[in-house]
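Protein chains get the first letters and strands the later ones, always in sequence-line order, with residue 1 at the start of each. Given the structure is predicted, the values throughout are model-derived calculations rather than measurements.
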Amino acid sequence: MRLQRADFSGPTQRVARRLLGCFVCHRKGGELKRGRIVEVEAYTDDAASHSASGKRTPRNRIMYGPPGFAYVYFTYGMHHCLNVVSESDGLPGAVLIRGLDEIEHAAGPGLVCRALHLTIRDNGRDLAADPDLWIESGNRKRHERVVQTTRIGIRRAVDLKLRYYLLGSPGVSKRDREAEAELLGARGS
DNA sequence: CACACGATGCGCT
DNA sequence: GCGCATCGTGTGG
C-alpha cells in the first residue's frame with residue numbers, strides 16, 4: 001500500500017524509523033525497480049544538513065517544501081543521493097535513503113540511486129502522487145531490531161545518533177558493532 | 001568569476 | 001586504511 005502525504009509529515013526522526021522496511025518503487029521504461037529500505041539517516045536543521053544555513057537555495061529548496069517529495073542531489077561529481085522530505089511545508093527536513101535489500105548492490109546512498117535508476121532529474125517528484133515513483137508500506141518482522149547510531153560521511157554534528165538500520169540486513173552500508181552489541185545486550189533486561 | 005569541497009564508492013596497500 | 005575521480009553548489013571577492 002502506497003504511503004500517503006500524512007505518513008511523511010511527522011518529525012524527521014519518526015519518519016526515518018517509519019521508512020525502515022518500506023519499499024521504494026520506481027517504474028521507468030516499462031521496468032519496475034523496487035528495493036526494501038534497511039538504512040536511513042535523518043537531516044533537519046542540524047549542522048550537517050543541507051539546510052544548516054537556514055536559507056533556501058536552488059539545491060535545498062525541496063527540503064523546505066511539503067513532505068512526501070523526493071529530494072535528489074548530486075555529489076562528489078558522480079553520485080546521486082535520494083532523500084524523502086519530512087516535516088511540514090516551510091520546515092526543512094529529509095530522510096536520506098542509505099541502503100536497500102531485495103535489489104542488487106544497493107548498500108550506500110550512491111548505490112541506492114544507481115540501483116533505482118534515479119538521477120537529479122527526479123528531484124522534486126511527489127512520492128504521494130507520482131504514477132511512477134512511490135513508497136509502499138512494508139511489514140517489518142518482529143525479530144528485526146533497529147540499530148540507532150551516528151551518521152556517515154559528515155564533518156559536523158558527528159555525535160548525533162540520527163542513523164537507523166535494520167540489524168542483520170545485507171543492504172546496510174556500514175555497521176556499528178558497538179551499537180549492535182549494546183542493543184542485543186539490553187534485550188530482555 | 002574563482003575556488004574549495006562534499007550526506008561517496010572503489011581500487012590498491 | 002588511504003587516495004582519488006569528477007562536477008554542481010555555495011560562498012566570497
Enquirer: In the structure I gave you, are the side-chain heavy atoms of A:Y43 and A:L162 within less than 4.5 Å of one another anywhere?
Expert: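 SC-SC contact between A:Y43 and A:L162 ruled out.
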Enquirer: Rounded to the nearest Å, what distance is computed from the CD1 atom of residue A:I154 to the C1' atom of nucleotide B:dC5?
Expert: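 The distance from CD1 of A:I154 to C1' of B:dC5 comes to 16 Å, rounded to the nearest Å.
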Enquirer: B:dG9 P sits how many Å from A:H105 NE2, rounded?
Expert: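 These atoms are roughly 8 Å apart.
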Enquirer: Between C:dG12 atom P and A:K55 atom NZ, what is the distance in whole Å?
Expert: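 Answer to the nearest Å: 8 Å.
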Enquirer: Looking at every non-hydrogen atom in both residues, tell me the closest pair between A:R163 and A:I152 and how far apart they are.
Expert: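 That closest heavy-atom pairing would be NE-CG1, 3.6 Å.
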Enquirer: Take atom CE of A:M63 and atom P of C:dT9, then tell me their distance rounded to the nearest Å.
Expert: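 It works out to 15 Å between those atoms.
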Enquirer: Would the number of heavy atoms belonging to other residues, nucleotides or ligands and lying under 6.0 Å from CZ of A:R156 be above 12?
Expert: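 Check fails, neighbour count at 12 or below.
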Enquirer: Tell me which nucleotide among C:dG10, B:dC10, B:dA7 gets nearest to the side chain of A:H50.
Expert: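 Of all the options, the side chain of A:H50 is nearest to B:dA7.
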Enquirer: Which parts of residues 118-128 of chain A get close to DNA chain B, meaning a heavy atom less than 4.0 angstrom away?
Expert: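 The stretch gives none, as no residue of it lies under 4.0 Å from the strand.
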Enquirer: What is the distance, to the nearest angstrom, from the CD1 atom on A:I152 to the P atom on B:dG9?
Expert: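 After rounding, the reported distance stands at 10 Å.
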Enquirer: When you measure from the side chain of A:P109, which nucleotide among C:dT11, B:dC10, B:dT8 comes out closest?
Expert: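 For A:P109, the side-chain atoms sit closest to B:dT8.
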Enquirer: Answer yes or no: is there an ion pair linking A:R142 with A:E144, defined by an N-O contact shorter than 4.0 Å?
Expert: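 A:E144 and A:R142: not salt-bridged.
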Enquirer: Do A:Y73 and A:C81 come within less than 4.5 Å of each other through their side chains, counting heavy atoms only?
Expert: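 They are in contact (side-chain heavy atoms under 4.5 Å apart), so the answer is yes.
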Enquirer: Return yes if some donor-acceptor pair links the side-chain N/O of A:N60 with the main-chain N/O of A:P92 below 3.5 Å, else return no.
Expert: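 No, A:N60 side chain to A:P92 backbone: no donor-acceptor pair under 3.5 Å.
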Enquirer: What is the separation between atom OH on A:Y71 and atom C1' on C:dG8, rounded to the nearest whole Å?
Expert: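 It is 11 Å, rounded to the nearest whole Å.
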Enquirer: For DNA chain C, produce a single dot-bracket line, 5' to 3'. Pairs: Watson-Crick or G-U wobble, both distances under 3.5 Å. Symbols: ( ) within strand, [ ] crossing, | other strand, . unpaired.
Expert: |||||.||||||.
Enquirer: Mind calculating the distance between CZ (A:F74) and P (B:dG9) to the nearest angstrom?
Expert: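 Taking atom P of B:dG9 as the reference, CZ of A:F74 is at 13 Å.
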Enquirer: Give the ring-plane orientation class for A:H50 versus A:Y71, where under 30° counts as parallel, over 60° as perpendicular and anything between as tilted.
Expert: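 Aromatic pair A:H50/A:Y71 classed perpendicular.
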Enquirer: Quick check: are there more than 12 heavy atoms from other residues, nucleotides or ligands sitting under 6.0 Å from CG of A:N139?
Expert: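 12 or below, so no.
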Enquirer: Would you kindly give the NZ-to-C1' distance between A:K174 and B:dA7, to the nearest whole Å?
Expert: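 Interatomic distance, NZ of A:K174 to C1' of B:dA7: 15 Å.
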Enquirer: Same hydrophobic cluster for A:V40 and A:F69, using side-chain heavy-atom links shorter than 4.5 Å among ILVMFWY?
Expert: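 No: no chain of side-chain contacts under 4.5 Å links A:V40 to A:F69.
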Enquirer: Under 3.5 Å, is there a donor-acceptor pair between the A:S9 and A:E87 side chains?
Expert: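 No, A:E87 and A:S9 have no side-chain donor paired with an acceptor closer than 3.5 Å.
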Enquirer: Which one, B:dG6, B:dA7, C:dG8, comes nearest to the side chain of A:R155?
Expert: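 It is B:dG6.
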Enquirer: Taking a hydrophobic cluster as the set of Ile, Leu, Val, Met, Phe, Trp and Tyr residues connected by side-chain heavy atoms closer than 4.5 Å, whether directly or through intermediates, do A:F23 and A:I97 fall within one such cluster?
Expert: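 Each belongs to a different hydrophobic cluster.
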Enquirer: For DNA chain B, which residues in residues 76-98 of chain A have a heavy atom at a distance below 4.0 Å?
Expert: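 Output list: A:Y76, A:G77, A:H79, A:N83, A:L96, A:R98.
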Enquirer: Under 4.0 angstrom, heavy atoms only, what part of the nucleic acid is A:R59 near: base, sugar-phosphate, or nothing?
Expert: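 It contacts sugar-phosphate atoms only.
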Enquirer: If two hydrophobic side chains count as joined below 4.5 Å and joins carry through other members, does A:L184 share a cluster with A:V38?
Expert: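 Yes, one cluster joins them.
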Enquirer: For atom C1', what is the distance between B:dC5 and C:dG3, given to the nearest Å?
Expert: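 Per the computed distance, 16 Å lies between those C1' atoms.
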